[in-house]
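Reading through the structure tokens given below for one structure.
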Amino acid sequence: MRAILLSITMVGLVQSISAQEPKMKSESDHQIWAIAIHGGAGGEPSRWSPQKREAREKGLMDALSLGKKRLAEGANALEVVEAVIRRLEDDASFNAGRGSVLTKAGHAELDASLMNGQDLSCGAVAGVRNVKNPISLARRVMNDTPHVLLMGDGAEEFAERSKVELVEPSYFFSRVRLEKRANQTGNVASLPVDKHQSSDEKHFGTVGCVVRDRSGNLAAGTSTGGTSKKLEGRVGDSPIVGAGTYADNRYAAVSGTGIGEEYIRNAVAYDVIARIKYRNDTLADAVSSNLSDRLEEGTGGLIAVSPSGEIVMQHNTPGMSCAAADNSGRFECFFSVP
Ligand code: ASP
């Protein structure tokens, strides 16, 4: 089984941190920041149309630039995760927010979660149909309620009360509208995503972000329209803390993408943390154990960042859209991690 691995280690800064031994922050620690984002895992990117590749690359680089700027200015990890994911949710090239895939009955039902590694606070929403940026609603759940996860009608009522931006359901139907228009005009090249692919090339484009900020805080978030033609009411791993998202300042911040049912069954995001916590595994080993040994080939991918700013991005699918930047000058985007 193949797990593709990229692990960048900042020399001299990797260390194992336990709950009993809080990390002493040095002067140079405050220079460290790191961010990784993903835009979904799946089929072979070399089979994408040039338009799709270009749109994805532009979207990832744009979101990465925003994250880089905010982190260099000293912004908090959680704020950066929300801002970066909002940017990706507004980009119809990805399966989150505006570009979400549709259920079998033709609705967009959106899921999102985020987690603050500083105090394990977290928030999530599932199955919302009229919220422009589900990641921001998840943050409101975290900040303004005693709960972790709100779903369906209750989440939408909360969204109205919270005054987050609401949209008509047609806002999410950009793919359908574009497809109709393309069919009318015969210009299929204008389709931004997926429509060029055969079913064995699926690469839906869920989005996620993990961050280590200059104060040493970690945060993670994930947002998605779920899987295409899912049953009404189906909820995947993205809004399930411990499955699709997890962050703990002492161990790692993790976001996953792939077949959500498998990520839930295997509690993947928390399993990465548990391997570091209880077995003293490295972050790279904890991630690769999940993708190589626990999840079947073709299931998906993970991005993660450690307390020292080490970024790990791996997938067991042919491709994963992802990008990474850090204070050493790294700034790059991949469709398949080398
Ligand atoms: N994990 C998402 C879900 O199952 C889909 C994806 O990441 O492509 O809802």
Side-chain angles (χ1 to χ4, degrees), residues 36-45 48 52 56 59-60 85 88-89 91-97 99-104 107-114 124-129 134-135 138 149 151-152 172 175 193-194 197 199-210 220-246 254-272 287 290-291 294-296 298-304 313-322 335-337:
I37 61 184
H38 71 73
E44 180 52 64
W48 293 355
K52 174 172 172 157
R56 283 272 168 102
L60 288 172
I85 291 184
L88 293 165
E89 286 175 340
D91 183 335
S93 304
F94 298 97
N95 172 24
S100 290
V101 297
L102 305 180
T103 64
K104 214 166 184 176
H107 301 116
E109 292 188 347
L110 282 59
D111 302 335
S113 68
L114 82 184
V125 293
V128 292
R129 293 182 176 188
I135 198 71
L149 169 61
M151 49 80 68
F172 301 110
R175 290 173 191 220
V193 281
D194 289 337
Q197 301 178 96
S199 56
D200 65 335
E201 288 178 283
K202 287 287 182 223
H203 192 115
F204 290 125
T206 290
V207 304
C209 178
V210 294
T222 313
S223 181
T224 189
T227 48
S228 184
K229 298 193 176 65
K230 65 187 179 182
L231 291 178
E232 306 298 289
R234 178 265 186 191
V235 175
D237 60 312
S238 306
I240 307 296
V241 169
T245 303
Y246 206 85
V254 183
S255 170
T257 175
I259 302 167
E261 285 72 9
E262 295 305 321
Y263 279 72
I264 295 172
R265 281 186 193 110
N266 290 284
V268 170
Y270 187 72
D271 189 82
V272 170
V287 168
N290 271 280
L291 291 169
R294 301 186 74 232
L295 298 172
E296 273 186 30
T299 301
L302 288 164
I303 57 169
M313 306 188 288
Q314 298 181 26
H315 49 103
N316 67 12
T317 43
M320 178 164 81
S321 305
C322 52
F335 293 104
S336 173
V337 180

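Both counts, for ligands and for their atoms, begin at 1 and track the order of listing. Just so it is clear, the values below take in all heavy atoms, side chains as well, and ignore hydrogens, waters and symmetry mates. Keep in mind the model is a prediction, meaning the values are calculated, not measured. We count residues from 1, following the sequence as given.
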What does the N/O contact table under 3.5 Å look like for ligand 1?
unit_1: ligand 1; atom_1: 1 (N); unit_2: D237; atom_2: OD1; d: 2.6
unit_1: ligand 1; atom_1: 1 (N); unit_2: G258; atom_2: O; d: 2.7
unit_1: ligand 1; atom_1: 4 (O); unit_2: R234; atom_2: NH1; d: 3.4
unit_1: ligand 1; atom_1: 4 (O); unit_2: R234; atom_2: NH2; d: 2.7
unit_1: ligand 1; atom_1: 4 (O); unit_2: D237; atom_2: OD1; d: 3.4
unit_1: ligand 1; atom_1: 4 (O); unit_2: G258; atom_2: O; d: 3.4
unit_1: ligand 1; atom_1: 4 (O); unit_2: G260; atom_2: N; d: 2.9
unit_1: ligand 1; atom_1: 7 (O); unit_2: T206; atom_2: OG1; d: 3.0
unit_1: ligand 1; atom_1: 7 (O); unit_2: T257; atom_2: OG1; d: 2.7
unit_1: ligand 1; atom_1: 7 (O); unit_2: G258; atom_2: N; d: 2.8
unit_1: ligand 1; atom_1: 7 (O); unit_2: G258; atom_2: O; d: 3.4
unit_1: ligand 1; atom_1: 8 (O); unit_2: T206; atom_2: OG1; d: 3.2
unit_1: ligand 1; atom_1: 9 (O); unit_2: R234; atom_2: NH1; d: 2.7

With A126, which residues qualify under side chain to side chain contact (heavy atoms under 4.5 Å, CB included), at least two apart?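 Testing A126 for side chain to side chain contact (heavy atoms under 4.5 Å, CB included), a comparison that skips the adjacent residues, returns D111, L149, M151, V235, P239.
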Name all residues meeting the side chain to side chain contact (heavy atoms under 4.5 Å, CB included) criterion together with D91; count only those two or more places apart in sequence or in a different chain, and write none if there are none.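 For D91 the side chain to side chain contact (heavy atoms under 4.5 Å, CB included) partners, ignoring immediate neighbours, are S93, F94.
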Can you name the residues that form a salt bridge (charged side-chain N to carboxylate O under 4.0 Å, His left out) with E109, not counting sequence neighbours? R129
Looking at E261 and R234, does any basic side-chain N land under 4.0 Å from a carboxylate oxygen? yes
Minimum heavy-atom separation for A138 and A112, please, with both atom names.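 Answer, listing the atom of A138 first, then A112: CB-O, 4.0 Å.
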So, for Y263 and T257, which heavy atoms are closest and what is the spacing to 0.1 Å?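 Answer, listing the atom of Y263 first, then T257: OH-O, 3.0 Å.
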